[in-house]
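Read through the structure below, which is laid out as structure tokens, and then see the notes.
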Amino acid sequence: MHVLTQLLKEDMKPALGVTEPGAIAFAVSTARNHLHGEVQQVQLRLNSGMFKNAFTCGIPGSRQVGNYYAAALGAVAADPEKGLECLDGITKEEEAKACEMVEQGRITVDMSEITSRIFIEAKVTGDGCESSVTIRDAHTNIIEITENGRVVFEKEHREDVQQEELHLIHTYTLEQLVDYVRVVPAEEIVFIEDAYRLNKELFEEGIGNPRTTYAPYLLAKNGGRVISEDEQKTASLLCNAAIEARVIGLSRPAMSITGSGAHGIIATMPLYAAYKVNGYTKEALLRATALSYLVCTYIKEYSGKLSAFCGCAIAAGTGMACGLVYLRGGSVEMMERTINNMASSITGMICDGGNQGCTMKGVVAVDAAYQSVEMAMNGVYIYNVHGINGATPEETMRNMGRIASPGMVGTEKTIVEMLEEKRTN
């Protein structure tokens with residue numbers, strides 16, 4: 001198996017709801033399982049990206065939103081064996097018990113620091129006992145578990161992880177990524193079909209649920225048809241009905257990439273629209289999706305997993321745009337020009353958490369991608385000399401990531417301050 005295939009396979013993970021509430025519930029429920037008693041109090045510490053992304057995010061199977069309720073559900077009901085799907089199957093009684101914990105002030109949530117590096121520390125107490133779980137760098141990457149102050153699990157990690165050697169994906173050029181996509185045996189990437197199965201089911205939940213508002217609007221705009229002759233409207237519908245279903249907490253998982261369900265949706269569903277409308281082969285779809293994932297990952301590994309810019313639109317949108325060029329038979333040069341168009345247009349779009357706004361950002365991402373591709377394939381593009389575009393596509397993608405980290409650290413601080421103001425008002 002090619003090393004890039006392995007990278008994709010390990011990165012794709014089902015996630016129920018937005019990954020941040022799922023990760024919080026996972027951490028708290030894991031700590032709960034080490035308490036040897038009923039949880040009375042939860043103390044949660046989160047890095048700024050985690051704090052922000054889960055702040056008003058919908059929770060699957062619940063009408064509640066945000067960090068506090070995710071932590072409370074982790075304390076009373078979540079199943080850590082399910083990983084990021086740990087909130088699956090929450091009952092009304094469990095939701096009521098979680099609400100009671102929040103209302104009684106038994107959950108505290110604090111921010112550890114302004115950083116794009118994932119950090120969760122969940123400490124639970126009850127019956128005179130205490131346990132804690134610490135997560136670093138990935139949503140379910142537990143590095144330490146304690147019981148009454150005694151370390152019972154520890155995983156080696158590096159505090160300077162962000163200064164480590166170049167990430168695997170960055171040892172490749174765009175041309176080499178495209179070469180891989182063209183020649184990798186089709187059967188080696190057939191697992192990507194799982195992403196379409198999950199994301200289509202999530203889309204169907206969004207279309208059929210009375211709680212959604214963008215989904216029915218986009219359906220009507222597409223002539224009341226899921227698949228119409230208008231590829232871009234179909235792409236926006238398939239993509240953004242799924243995103244809306246996810247962020248408001250409907251009970252279907254998305255297939256995440258780079259730790260984000262919305263990234264996974266934007267990187268795939270517009271390509272599925274192109275496949276259905278134009279009759280491309282299933283193999284071409286899977287190859288285009290592999291490229292979409294890889295370009296998304298290339299940018300995200302520079303920006304950090306959780307940052308102040310919208311990686312869903314910027315990183316996944318750029319990956320998806322390259323996938324569209326691939327489906328249309330375009331060249332690597334056309335992909336380079338598409339990346340330039342995306343870099344100089346939507347880079348800098350803020351992330352103010354996992355919420356309904358993600359749907360609107362998804363609408364913008366699809367529109368930008370289609371315009372960028374159409375223009376680039378017709379020789380209309382922003383030249384390398386301008387703005388943050390680099391001399392190579394690799395440099396441009398690196399610059400896109402750098403805008404987020406370290407570039408938007410101050411923006412992240414301001415966004416978090418605004419959210420905290422809302423909480424106290």
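All values below come from the heavy atoms of this structure, side chains included, with hydrogens, waters and symmetry mates left out.
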Mark yes or no for whether [X], through its side chain, and [Y], through its backbone, hold a donor-acceptor pair below 3.5 Å.
X: T318; Y: M342; result: no
X: D79; Y: E81; result: yes
X: N355; Y: G353; result: yes
X: S132; Y: A122; result: no
X: N222; Y: G224; result: no
X: S228; Y: D230; result: yes
X: N340; Y: Y381; result: no
X: T289; Y: L285; result: yes

Distance in Å, [X] [atom1] paired with [Y] [atom2], rounded so as to fall on 0.5 Å steps:
X: R117; Y: M50; atom1: CZ; atom2: CE; result: 12.5 Å
X: I415; Y: I114; atom1: CD1; atom2: CD1; result: 9.5 Å
X: M400; Y: N389; atom1: CE; atom2: CG; result: 9.0 Å

If we ignore angles and hydrogens, is there a donor and acceptor under 3.5 Å between the side chains of [X] and [Y]?
X: T414; Y: E417; value: no
X: T19; Y: S256; value: no
X: D11; Y: T258; value: no
X: T115; Y: N47; value: no
X: S405; Y: S303; value: no
X: Q371; Y: N341; value: no
X: E412; Y: S48; value: yes

Open item on the list: Between E144 and K155 (salt bridge meaning N to carboxylate O under 4.0 Å), is one present in this structure?
Closed with: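 K155 and E144: not salt-bridged.
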Would you say [X] and [Y] make side-chain contact, with heavy atoms under 4.5 Å?
X: I142; Y: T30; result: yes
X: L177; Y: Y298; result: yes
X: M408; Y: S307; result: no
X: L238; Y: L218; result: no
X: L168; Y: V3; result: yes
X: M375; Y: N378; result: no
X: I135; Y: T140; result: no
X: M111; Y: V416; result: yes

Determine the minimum heavy-atom distance between [X] and [Y], stating which atoms define it.
X: L291; Y: C322; result: CD2-O, 3.7 Å
X: L327; Y: A284; result: CD2-O, 3.6 Å
X: V226; Y: L219; result: N-CD1, 4.0 Å
X: A368; Y: I346; result: CB-CG2, 3.9 Å
X: E85; Y: P14; result: OE2-CB, 3.5 Å
X: M377; Y: G330; result: CE-CA, 3.8 Å

Got a list of side-chain donor-acceptor pairs under 3.5 Å for residues 20-28, not counting sequence neighbours?
| from | atom 1 | to | atom 2 | distance (Å) |
| --- | --- | --- | --- | --- |
| E20 | OE1 | N53 | ND2 | 3.4 |
| E20 | OE2 | H139 | NE2 | 2.6 |

Task: CD (Q6) with more than 12 external heavy atoms under 6.0 Å - done: yes
Open item on the list: With a 6.0 Å cut-off (strictly less than), is the heavy-atom count around OH of Y217, excluding the residue itself, greater than 12?
Closed with: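 No, OH of Y217 has 12 or fewer neighbouring heavy atoms, counting only those of other groups under 6.0 Å.
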The criterion is salt bridge (charged side-chain N to carboxylate O under 4.0 Å, His left out); which residues satisfy it with [X], sequence neighbours excluded?
X: E229; answer: R225
X: E374; answer: R328
X: E188; answer: none
X: E283; answer: R287

Open item on the list: Quick one, N240 with T359, criterion side chain to side chain donor-acceptor pair (under 3.5 Å). Give me CA distance, side-chain angles, the key distance, then yes/no.
Closed with: CA-CA 6 Å; N240 296 305; T359 312; over 6 Å; no
TODO: Before giving the answer on salt bridge (charged side-chain N to carboxylate O under 4.0 Å, His left out), spell out for K305 and E301 the whole-Å C-alpha distance, their side-chain angles and the decisive distance to 0.1 Å.
DONE: CA-CA 7 Å; K305 286 288 193 294; E301 287 300 330; 3.2 Å; yes
Task: Pairs touching residues 336-354 that satisfy salt bridge (charged side-chain N to carboxylate O under 4.0 Å, His left out), sequence neighbours left out - done: E333-R337, D352-K361
- [ ] Give every residue pair that meets the salt bridge (charged side-chain N to carboxylate O under 4.0 Å, His left out) criterion with at least one member in residues 23-47, sequence neighbours excluded.
- [x]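 Found E38-K97, R45-E121.
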Can you list, pair by pair, the side-chain donor-acceptor contacts under 3.5 Å of residues 67-74, counting residues two or more places apart and other chains?
| from | atom 1 | to | atom 2 | distance (Å) |
| --- | --- | --- | --- | --- |
| N67 | ND2 | F51 | O | 3.3 |
| Y68 | OH | R423 | NH1 | 3.0 |

Donor-acceptor pairs under 3.5 Å, side chain of residues 55-65 to any protein atom, not counting sequence neighbours: which ones?
| from | atom 1 | to | atom 2 | distance (Å) |
| --- | --- | --- | --- | --- |
| S62 | OG | Q64 | N | 2.9 |
| S62 | OG | E95 | OE2 | 3.0 |

- [ ] Start with the C-alpha distance between T91 and E94, add both sets of side-chain angles, then the distance that settles side chain to side chain donor-acceptor pair (under 3.5 Å), and finish with yes or no.
- [x] CA-CA 5 Å; T91 67; E94 290 166 337; 3.2 Å; yes
Enumerate donor-acceptor pairs with a distance under 3.5 Å from any side-chain N or O in residues 270-279 to protein atoms, sequence neighbours excluded.
| from | atom 1 | to | atom 2 | distance (Å) |
| --- | --- | --- | --- | --- |
| Y272 | OH | K200 | NZ | 3.3 |
| N278 | ND2 | E231 | OE1 | 2.9 |
| N278 | ND2 | A274 | O | 3.1 |

Task: Qualifying side chain to side chain donor-acceptor pair (under 3.5 Å) pairs with a residue from residues 241-253, counting only residues at least two apart or across chains - done: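 Sorted pair list: T213-E244.
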Task: Proximity of Y302 and H170 rings by center, below 6.0 Å - done: yes
Open item on the list: side-chain contact (heavy atoms from CB on, under 4.5 Å), that's the test. Do I143 and N141 meet it? Break it down for me.
Closed with: CA-CA 6 Å; I143 62 168; N141 182 42; 3.9 Å; yes
Task: Counterpart residues, ring-ring contact (aromatic ring centres under 6.0 Å, His included), relative to Y180 (two or more places apart) - done: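 Listed in chain order: H2.
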Task: Reference residue I243; test side-chain contact (heavy atoms from CB on, under 4.5 Å); the match among N199, I266, I248, V18 - done: I266
